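One structure is given below, encoded as C-alpha cells.
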Amino acid sequence: MTVKNIEQRVLIVIPAFNEENNISNVVTDTRMKVPSADIVVIDDGSTDNTVMRALSAGAKVISLPINIGIGGAMQTGFKYAYERGYTVAVQIDGDGQHDPSEVDKLINPIFKGTSDIVKGSRYLEDTGYQTPIFRRIGMILFALITSFVLRQKITDTTSGFWAVNRKVLKVLSSNYPTDFPDADSLIYLGLLGFRISEAPVHM
C-alpha cells in the first residue's frame, strides 16, 4: 500500500491519555499496516508511561502539559498536520479499538476527490458490533440530530475513526469543538459546505 508521495502525505494522529498498556501495540500495528504514513501521538497529559512506550514504538510524540480532553488533543494533532504540509490526517484512537488496515477505506475517497471528510461507521453495515443499550441510545440521538441538521443520513458520529483533507485541516486547526467533538465537528464542517461520507469499519 502506498499512501504518501509528492502530492499526498498522510499523518496518523493518535490521541492518548494513560494508554501505556495499549499505545505500543497501536503504534506498531499502525506502522505495519500503513507503512507510508507518518504517526504522531498526542499525549494528553498522561501520568503513566504512555510517552515512553509511544516513542519506543517509533512514533513522534507531542506532550500536552495537562489533560485537556479529546477535542483539544485532536486540534493539536490537526494543527501539527496542517503546519507541516500534510494533505490528509486520520484519527486512530490510542486504546486499540480501530483497525489500521481499514485506513484505506477512509483516505481513498479523499484521494479521489469525492469527499473532504470520511467517517468510519460501525453501523453502515452489519458488523456484529455490540453497544450497551443506554450508550447506543445516546449514539442514535447524536446521529439523528446530525442527520437532521445536515439533511444527510449519518449513521455513526462517535466512532473516532475518521480522515480529513487539507482544507478541513485548515479549519480544524483554528476551531475544533471540545464538548462533543465528534457530532459538533461534523455539523460545523457540514454547514461550512464540506462533503461528508461514511465508510463501514470494524471495531
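Remember, predicted model here, so these are calculated numbers, not experimental data.
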How long is the straight-line distance from CG of Asp48 back to CG of Asn21, given to the nearest 0.5 Å? 7.5 Å
Residues forming a side-chain hydrogen bond (donor to acceptor under 3.5 Å, both in side chains) with Asn175, sequence neighbours excluded: Tyr188
Flag, side chain of Thr146 to backbone of Ile187, donor-acceptor distance under 3.5 Å: no
Verify whether one side chain among Ser121 and Thr155 offers a donor that lies under 3.5 Å from an acceptor in the other. yes
Locate the shortest heavy-atom distance separating Ile39 from Val27; write the atom from each residue and the value. CD1-O, 3.9 Å
Could you grab the distance from atom CE of Met32 to atom CG of Asn25, nearest 0.5 Å is fine? 10.0 Å
His98 side chain near Val103 side chain, heavy-atom distance below 4.5 Å: no
Output yes when Lys33 and Asp99 qualify as a salt bridge under the 4.0 Å nitrogen-oxygen rule, no when they do not. yes
Could you note down all residue pairs passing salt bridge (charged side-chain N to carboxylate O under 4.0 Å, His left out) where residues 87-97 supplies at least one of them, sequence neighbours left out? none
Please check if the side chain of Gln152 supplies one atom and the backbone of Ser147 the other of a donor-acceptor pair under 3.5 Å. no
If every non-hydrogen atom of Ile70 is compared with every non-hydrogen atom of Gln91, which pair is closest and at what distance? CD1-NE2, 4.1 Å
The criterion is side-chain hydrogen bond (donor to acceptor under 3.5 Å, both in side chains); which residues satisfy it with Ser46, sequence neighbours excluded? Asp43
Sorted by chain and number, sequence neighbours left out, side-chain hydrogen bond (donor to acceptor under 3.5 Å, both in side chains) with Glu102 holds for Lys105, His202
Residues 161-174 vs salt bridge (charged side-chain N to carboxylate O under 4.0 Å, His left out), sequence neighbours excluded, gives none
Do you see a donor-acceptor pair shorter than 3.5 Å between the side chains of Glu19 and Thr50? no
Kindly give the heavy-atom pair with the smallest separation between Val34 and Pro100, and that separation in Å. CG2-O, 3.5 Å
Could you tell me the separation between the CD1 atom of Ile14 and the CD1 atom of Ile92, rounded to the nearest 0.5 Å? 6.0 Å
Indicate if Ile62 and Ile66 have the same hydrophobic cluster label, given that clusters are the connected sets of ILVMFWY residues with side-chain heavy-atom separations under 4.5 angstrom. yes
Closest non-hydrogen atom pair between Ala199 and Val118, with its separation: CB-CG1, 4.0 Å
Sorted by chain and residue number, the salt bridge (Lys or Arg N to Asp or Glu O under 4.0 Å) partners of Arg195 (sequence neighbours excluded) come out as Asp116
In one Ile/Leu/Val/Met/Phe/Trp/Tyr side-chain cluster, 4.5 Å: Val61, Phe17: no
Among residues two or more places apart or on two chains, list those pairs meeting salt bridge (charged side-chain N to carboxylate O under 4.0 Å, His left out) that have a residue in residues 137-157. Arg122-Asp156
Side chain of Arg31, backbone of Ala57: donor and acceptor closer than 3.5 Å? yes
Side-chain contact test, heavy atoms from C-beta onward, threshold under 4.5 Å: evaluate it for Leu172 versus Tyr82 and give yes or no. no
Just so I know, are the side chains of Val164 and Phe194 near enough to count as touching, which here means a heavy-atom distance under 4.5 Å? no
Should Ile42 and Val40 be marked as a side-chain contact (heavy atoms from CB on, under 4.5 Å) after you check the CA-CA gap, both sets of side-chain angles, and the distance that decides it? CA-CA 6 Å; Ile42 309 300; Val40 62; 4.0 Å; yes
Please name all residues satisfying side-chain hydrogen bond (donor to acceptor under 3.5 Å, both in side chains) with Ser197, sequence neighbours left out, ordered by chain then number. Ser115
Considering only residues two or more places apart or on different chains, which pairs with a residue in residues 75-87 satisfy salt bridge (charged side-chain N to carboxylate O under 4.0 Å, His left out)? Lys79-Glu83
Nearest heavy-atom approach of Ala81 to Ala89 is CB-CB, 4.2 Å
Distance check, rounded to the nearest 0.5 Å: Ile117 atom CD1 versus Glu198 atom CD? 11.5 Å
Applying ring pair (Phe, Tyr, Trp, His ring centres under 6.0 Å), can you list everything that pairs with Phe78, at least two apart in sequence or on another chain? Trp162, Tyr176
In terms of hydrophobic clusters joined by side-chain contacts under 4.5 Å, are Leu186 and Leu191 together? yes
Between the side chain of Arg53 and the main-chain N/O of Glu20, is any donor-acceptor distance below 3.5 Å? yes
By side-chain contact (heavy atoms from CB on, under 4.5 Å), which residues pair with Ser56, not counting sequence neighbours? Met52
How many angstroms lie between NZ in Lys119 and CZ in Phe161, if you round to the nearest 0.5 Å? 11.0 Å
Is there a donor-acceptor contact under 3.5 Å from the side chain of Asn108 to the main chain of Asp104? yes
Student check: side-chain heavy atoms of Lys60 and Asp38 closer than 4.5 Å: no
Looking at every heavy atom in both Ile196 and Leu150, which two are closest together, and how far apart are they? CD1-CD1, 3.9 Å
Given Ile23, Leu55, Val51, the one that forms side chain to side chain contact (heavy atoms under 4.5 Å, CB included) with Val41: Ile23
Can you tell me how far apart OG (Ser159) and CG (Leu106) are? Round to the nearest 0.5 Å. 8.0 Å
Apply side-chain contact (heavy atoms from CB on, under 4.5 Å) to Leu144 and list each qualifying residue two or more places apart in sequence or on a separate chain. Ile140
